[in-house]
Amino acid sequence: MKRRKLPRRTHYCSQIKPELDGQKVSLLGWVHDVRDLGGIKFILLRDVSGTCQVTVKKNSMEGLEYLEDIGHEDVLYVEGIVKSQEKARLGVEVIPSRIEIISRAARPLPYDVTGKTPAGLDTRLDHRILDLRNPENRAVFLIADTVLAAAREFFRANGFIEIRTPRIIVSATEGGAALFELKYFDTVAYLAQSPQLYKEELTTVFEKVFEIGPFFRAEESHTRRHLSEFTSIDIEAAFMDLYDVMEILEKLIVHIHKRVLDERRRELEILGVELDVPTTPFPRYTYDEILRYLENSGYRLEWGEDFGTEHLRVLGEKHAGYYFITHFPTKSKPFYIQPCEDNPEISESFDLMYSWLELASGGTRISDRKLLEKRLVEQGLNPKSFEHHLKIYDYGMPIHAGWGLGFERLLMILTGRQNIREVVLFPRDKFRLTP
RNA sequence: GCCCUGGUAGUAUAGUCCGGUUAGUAUACGGGCCUGUCGAGCCCGUGACCCGGGUUCAAAUCCCGGCCAGGGCGCCA
């Protein structure tokens with residue numbers, strides 16, 4: 001079998017600089033835009049790195065007529081000489097000696113990749129691949145790549161082992177959120193809503209674990225910050241309590257900010273985001289302190305009540321950046337959260353907030369089997385259906401703590417996007433299952 | 001699930017309140033002119049009133065139902 005000859009590039013578009021003047025280069029990319037002046041044609045070629053200008057003059061090149069109907073998003077191979085050019089805004093252009101049309105795009109396209117003609121979010125998501133070619137939208141996912149790499153780098157440097165827990169589970173692991181049901185051979189299974197119980201069990205093996213992966217919630221939520229399928233960054237660590245893991249969390253956030261600023265300055269600029277590395281420690285407020293603050297602001301809540309969106313927005317006006325709320329009422333938290341020793345009505349729990357947005361939730365977990373069983377019953381759950389989990393507590397269970405961080409919500413903050421759907425390549429919500 | 005707002009060329013919109021000439025504009029697309037554009041420019045052209053029912057001499061416009069979308073609330077992270 002003979003291998004096909006593939007066109008190869010010597011440079012990416014963003015590497016075409018005036019300093020390369022006179023050098024022969026070859027490029028591969030998509031036609032971002034064409035400005036045809038009749039005797040001269042300017043092709044803006046785009047690849048993953050950015051764009052550069054290819055200038056074609058009439059009668060300057062054999063086979064020019066071949067380019068007459070060049071259009072948006074056609075794929076080209078360009079061979080030519082770099083020319084420093086003051087008349088070009090980028091200060092440089094490529095004078096081609098050969099252009100090959102590798103693929104032609106349909107026209108008109110259903111979406112304007114250059115962004116000249118605006119499109120609504122629904123239209124954008126319907127044509128997501130074209131939408132992602134828009135440099136602004138692509139920038140979001142280049143930042144996402146850096147965030148994921150930075151998180152893994154941080155966890156490894158701190159002795160955490162990456163784990164992968166099942167997405168297909170037999171029943172509700174922790175109550176709370178609604179689950180998607182699915183047919184599993186001759187029985188019924190569910191899509192996991194969190195790795196919670198598995199990651200706790202694995203601390204008895206690896207001590208410090210993390211997982212980055214998708215989870216599923218069958219909630220009726222119709223907001224800018226909810227998805228049916230989202231990505232969670234989770235950790236769990238043996239011999240730690242809430243204070244330890246809060247420190248890890250704020251250090252991770254700082255590390256991610258630094259990495260994004262290091263590696264993605266251009267993308268931040270394209271997105272118009274001014275990012276600062278937050279200072280640690282983040283402010284910490286107890287649930288009781290927040291309750292008092294809200295009361296002074298004219299919002300009276302009963303002790304034990306959860307904050308509504310209205311209350312969170314009031315808090316967000318006061319606290320622009322990252323802050324923690326700690327020690328929530330035990331009854332408002334899941335069964336596995338450790339109640340405080342000196343007051344079991346209060347739990348060793350916390351949320352990480354950014355303005356009014358909840359980013360992460362965590363705490364110290366119960367490590368005593370009897371207490372865990374008691375809490376299951378109190379929350380109306382049946383200990384029998386948790387037998388596989390409970391028996392682990394008979395095999396030597398250390399005190400442990402952890403948290404789960406909403407990856408997309410963090411990304412919204414880092415990229416300044418107002419709708420969570422914008423920071424997911426192919427978002428899933430109650431009303432969207434395609435593309 | 002509930003509430004509010006909306007649905008007009010491929011895309012984004014004006015017109016709708018107060019029913020009545022050929023439904024306007026931008027961009028995309030097609031054609032023409034143009035050798036320094038960079039949101040290129042100028043000229044010409046193709047192209048649309050979400051679906052169903054009702055009111056009326058007449059419905060993009062008013063009413064009812066459906067579907068879809070955006071935002072908010074609740075749920076939830």
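For clarity, every value in this text was computed on a predicted model and none was experimentally measured. Lettering of chains follows the sequences in order, A, B, ..., and the numbering in each one begins at 1.
Relative ring orientation between Tyr322(A) and His257(A) is described as perpendicular, the plane-to-plane angle rising above 60° on a 0-90° scale split at 30° and 60°. Using cut-offs of 30° and 60° for the angle between ring planes, the Phe230(A) and Phe215(A) rings count as tilted. Taking the six-membered ring where tryptophan is involved, the planes of Phe386(A) and Phe335(A) are perpendicular, since the angle between them exceeds 60° and thus also 30°. Trp303(A) and Tyr287(A) have perpendicular rings, their planes meeting at more than 60° on a 0 to 90° scale where under 30° would count as parallel.
Using a 4.0 Å heavy-atom distance criterion, Arg107(A) is classed as a sugar-phosphate-only contact. In this structure, Asp33(A) reaches the sugar-phosphate backbone alone: every heavy-atom distance under 4.0 Å involves primed, P, OP1 or OP2 atoms, never a base. No contact: Ala360(A) has no heavy atom under 4.0 Å from any strand. Among the atoms of the strands shown, only primed sugar atoms or phosphate atoms (P, OP1, OP2) are found under 4.0 Å from some heavy atom of Gly120(A). Residue contacts shown for Leu44(A) are absent, as no nucleic acid heavy atom lies under 4.0 Å away.
If you find the closest nucleotide of RNA chain B to Gln53(A) and to Leu227(A), the one lying nearer the 5' end belongs to Gln53(A).
In this structure, Glu86(A) places its CD atom 16 Å from P of G36(B), rounding to the nearest Å.
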Check the interface with nucleotides 8-10 of chain B: list each N/O to N/O pair with the protein under 3.5 Å, or write none.
from   : atom 1 : to        : atom 2 : distance (Å)
G10(B) : O2'    : Pro110(A) : O      : 3.4

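Picking from A77(B), G30(B), G36(B) the nucleotide with the shortest atom distance to the side chain of Leu37(A) gives G36(B). Which of U11(B), C38(B), C76(B) sits closest to the side chain of Arg217(A) comes down to C76(B). Among A28(B), C38(B), C34(B), the nucleotide with an atom closest to any side-chain atom of His72(A) is A28(B).
Atom C1' of C17(B) sits at a distance of 15 Å from the matching atom of G6(B), rounded to the whole Å. Nucleotides C50(B) and U46(B) have their P atoms positioned 22 Å apart, rounded to a whole Å. Distance check on atom C1': C44(B) versus C34(B) gives 16 Å, rounded to whole Å. Taking atom P in both C51(B) and U11(B), one finds a spacing of 14 Å when rounded to whole Å.
Figure legend: Arg284(A) and Tyr323(A) shown without cation-pi pairing, the cationic atom not lying both under 6.0 angstrom from the six-membered ring centre and within 45 degrees of its axis.
Phosphate proximity of A26(B) to Lys116(A): absent, as no side-chain N or O sits under 4.0 Å from OP1 or OP2. Regarding contacts with the backbone of G1(B), a side-chain N or O of Lys430(A) is found under 4.0 angstrom from either OP1 or OP2.
A heavy-atom distance below 4.5 Å is not found between the side chains of Arg124(A) and Pro118(A). Using a 4.5 Å cut-off on side-chain heavy atoms (C-beta onward), Val245(A) and Leu249(A) make no contact.
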Nucleic acid footprint by protein, nucleotides 65-73 of chain B - heavy-atom cut-off 4.0 Å, B for base, S for sugar-phosphate alone: ----S-BBB

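Each of Phe307(A), Trp356(A), Tyr299(A) was scored for a side chain to side chain contact (heavy atoms under 4.5 Å, CB included) with Val314(A), with one residue passing: Tyr299(A).
Residues Phe160(A) and Phe210(A) place their aromatic rings such that the two centres sit no closer than 6.0 Å.
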